[in-house]
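The structure appears below as structure tokens.
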Amino acid sequence: MSTNTELSAVFSRIADILDIQGENTFRIRAYRNAAQIIAGLSEPVSDLICKADEKGEKIPGIGKGLHDKIIEFCKTGKIKEYEELRASIPTGLIEMLDIQSFGPKRVKLVYNKLGIDSVEKLEKAAAEGKIRVLDGMGEKSEEKLLRSIRDFRTLQTDRKPWEEADKILKPFLVYLRKIKEIDKLEPAGSYRRKKSTVGDLDILATISGDPIPVIDAFVKYPEVEEILAQGSTKASVILKQKIQADLRVVEPESFGAALQYFTGSKQHNIGLRKIAMEKGLKLSEYGVFRGAEKIAGENEEGVYSALGLKWPPPEERE
DNA sequence: GCCGTTTTCGGCCCGACTGTTTTCAGTCG
């Protein structure tokens with residue numbers, strides 16, 4: 001594992017633990033933000049930090065505090081604050097965070113209310129109907145949790161090599177193109193950016209007419225193992241090949257903006273939104289807006305052009 | 001914790017979906 005990957009994971013974990021401890025949300029966001037930035041860097045973070053230091057520059061989103069922690073990690077292989085944070089809560093709480101749709105808030109809830117500090121205890125409590133009585137939880141949440149714990153144990157949640165994702169996605173696209181309501185269909189996400197590994201499959205579609213039959217056909221793809229969510233504009237499933245696939249249905253006039261948005265990277269998008277704001281514009285997955293007026297969105301080139309930028313190939317959007 | 005400026009502190013991306021509750025919080029991307 002590269003230093004960038006390790007450090008990104010450490011910052012994510014710090015954010016999780018701070019979240020469980022009820023820390024300031026923006027401090028937490030800063031750590032999550034930094035984790036994203038570092039994960040998206042194309043060269044070792046230590047090199048970049050050194051170069052930036054020499055030039056008296058800095059990496060946006062990395063201030064003095066995080067800068068020092070990165071240096072500490074590169075020199076010693078660990079971060080003292082992280083070690084202390086880990087020691088401050090049971091290790092089982094951190095493990096629970098890897099359960100789908102079970103985040104820091106819920107981890108905190110079951111720990112505080114029921115003293116649950118491991119996946120095993122969580123599973124037992126759910127099986128005994130003890131989770132449904134907690135605030136904000138119910139019968140469905142409990143059933144979903146049990147399924148998620150099962151997935152957590154069996155599902156290969158690791159990212160897949162791009163080539164393997166390609167082999168899974170191609171026949172899925174062929175299947176989807178046969179649905180008559182679908183006009184345009186494009187894969188997005190890290191697959192489109194041709195990252196060496198792909199975490200999940202993002203598919204974008206424009207349709208004519210009713211979206212319901214399209215969403216329906218998507219979740220009924222024979223390779224679907226489990227349906228995670230099914231709405232009128234988006235659906236998420238887990239395929240038998242143990243990878244998540246998301247379909248989003250968008251209006252034709254927003255296709256370019258949506259394709260841009262869902263191609264990412266997240267860090268690239270945050271950067272674009274800032275540029276938009278500086279120009280008095282608003283960028284979303286629906287388009288580029290000046291006030292209430294939409295000035296771009298139908299295609300990607302138009303979106304970048306409206307922001308005064310040249311269209312970058314997806315693989316350069318880190 | 002970062003950032004910009006208004007320099008000493010206040011604002012920080014945002015929408016879909018779910019399950020819960022009845023207007024919202026949590027999770028995810």
Side-chain angles (χ1 to χ4, degrees), chain A residues 11-12 14-16 18-20 22-37 39-40 58-70 79 81-82 85 96-110 131-145 147-148 157 188-191 193 198-204 211 215 219 227-238 244-250 254 257-258 260-278 281-287 289:
Chain A
F11 280 172
S12 283
I14 290 177
D16 288 335
L18 292 174
D19 210 347
I20 290 172
E23 254 285 352
N24 176 296
T25 55
F26 295 107
R27 185 174 170 221
I28 295 165
R29 188 183 290 177
Y31 275 103
R32 294 204 195 288
N33 192 33
Q36 288 278 344
I37 292 169
K58 56 189 299 305
I59 302 173
I62 309 287
K64 181 168 188 327
L66 292 174
H67 172 278
D68 290 350
K69 289 190 173 66
I70 293 171
I79 292 174
E81 189 193 350
Y82 177 51
L85 280 171
M96 278 192 262
L97 290 164
D98 287 331
I99 298 169
Q100 172 92 241
S101 73
F102 208 76
K105 299 287 194 298
R106 301 225 205 280
V107 167
K108 185 182 177 186
L109 180 71
V110 297
I131 300 298
R132 66 181 71 181
V133 300
L134 297 174
D135 282 347
M137 303 296 286
E139 212 166 319
K140 280 191 179 176
S141 311
E142 199 174 65
E143 286 166 13
K144 189 173 182 180
L145 175 59
R147 283 200 303 277
S148 298
T157 51
S190 51
Y191 174 84
R193 298 204 312 280
V198 175
D200 50 24
L201 306 172
D202 287 312
I203 306 168
L204 213 58
I215 297 282
V219 301
I227 301 168
L228 296 175
Q230 181 178 7
S232 60
T233 63
K234 99 170 241 203
S236 298
V237 297
I238 291 176
Q244 182 170 331
D246 299 327
L247 175 71
R248 292 159 207 279
V249 175
V250 301
S254 299
Q260 188 288 308
Y261 181 81
F262 291 113
T263 295
S265 67
K266 186 167 178 172
Q267 214 45 52
H268 179 77
N269 290 352
I270 291 172
L272 285 191
R273 279 181 193 230
K274 281 185 182 157
I275 290 172
M277 274 163 55
E278 283 162 16
L281 304 170
K282 181 174 174 286
L283 170 67
S284 73
E285 58 265 50
Y286 298 107
F289 296 84

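Everything quoted here is computed from the prediction, not taken from an experiment. What's counted below: heavy atoms across the whole structure, side chains too, no hydrogens, waters or symmetry copies. Reminder, nothing fancy here: chain letters follow the sequence lines and each chain counts from 1.
- Protein chain A touches strand DNA chain B; the 5'-most and 3'-most nucleotides with an atom under 4.0 angstrom of its non-hydrogen atoms are B/dG1 to B/dG29.
- Both A/Pro104 and A/Tyr286 lie close to DNA chain B; mapped to their nearest nucleotides by heavy-atom distance, the more 5′-ward contact belongs to A/Tyr286.
- Counting non-hydrogen atoms under 4.0 angstrom, A/Thr263 reaches nothing in the nucleic acid.
- For A/Tyr261, there are no ring-ring contact (aromatic ring centres under 6.0 Å, His included) partners at least two apart in sequence or on another chain.
- B/dT22 and B/dA16 have their P atoms separated by 23 Å, given to the nearest Å.
- A donor-acceptor contact shorter than 3.5 Å links the side chain of A/Ser148 to the backbone of A/Lys144.
- Between A/Glu81 and A/Phe102, the one whose closest nucleotide on DNA chain B sits nearer the 5' end is A/Glu81.
- Going from the C1' atom of B/dC2 to that of B/dG15 covers 24 Å, rounded to whole Å.
- B/dC12 and B/dT5 have their P atoms separated by 15 Å, with the value rounded to a whole Å.
- Residue A/Glu23 is classed as having no contact, given no heavy-atom separation below 4.0 Å to the nucleic acid.
- When the salt bridge (charged side-chain N to carboxylate O under 4.0 Å, His left out) test is applied to A/Arg27, the partners found at least two apart in sequence or on another chain are A/Glu23, A/Glu81.
- In terms of the salt bridge (charged side-chain N to carboxylate O under 4.0 Å, His left out) criterion, A/Glu143 has no residue partners (sequence neighbours excluded).
- B/dT8 makes up no base pair with any nucleotide shown, lacking Watson-Crick or G-U wobble contacts both under 3.5 Å.
- Nucleic acid contact class of A/Tyr31 (heavy atoms, under 4.0 Å, all strands): sugar-phosphate only.
- Among the protein residues, A/Lys108 comes within range of no part of the nucleic acid, since none of its heavy atoms lies under 4.0 Å from any strand.
- Note on A/Met137: only backbone sugar-phosphate atoms sit closer than 4.0 angstrom, heavy atoms only; bases stay farther off.
- Rounded to a whole angstrom, the distance from the P atom of B/dC14 to that of B/dT7 is 26 Å.
- Comparing the P positions of B/dG11 and B/dT6 gives an interatomic distance of 15 Å, to the nearest angstrom.
- Scanning for salt bridge (charged side-chain N to carboxylate O under 4.0 Å, His left out) contacts around A/Lys105 gives A/Asp19, with sequence neighbours left out.
- No contact: A/Phe11 has no heavy atom under 4.0 Å from any strand.
- Taking the P atom of each, B/dT8 and B/dT18 are spaced 49 Å apart, rounded to whole Å.
- Of the C1' atoms belonging to B/dA25 and B/dT20, the separation is 9 Å, rounded to the nearest Å.
- One N or O on the side chain of A/Arg193 and one on the backbone of A/Thr263 form a donor-acceptor pair closer than 3.5 Å.
- Using a 4.0 Å heavy-atom distance criterion, A/Ile62 is classed as a sugar-phosphate-only contact.
- In terms of the side chain to side chain donor-acceptor pair (under 3.5 Å) criterion, A/Ser141 has no residue partners (sequence neighbours excluded).
- Remark: side-chain polar atoms of A/Gln230 are not paired, donor with acceptor, to backbone N or O of A/Ala235 under 3.5 angstrom.
- With both ends at atom P, the span from B/dG29 to B/dT23 equals 30 Å, rounded to whole Å.
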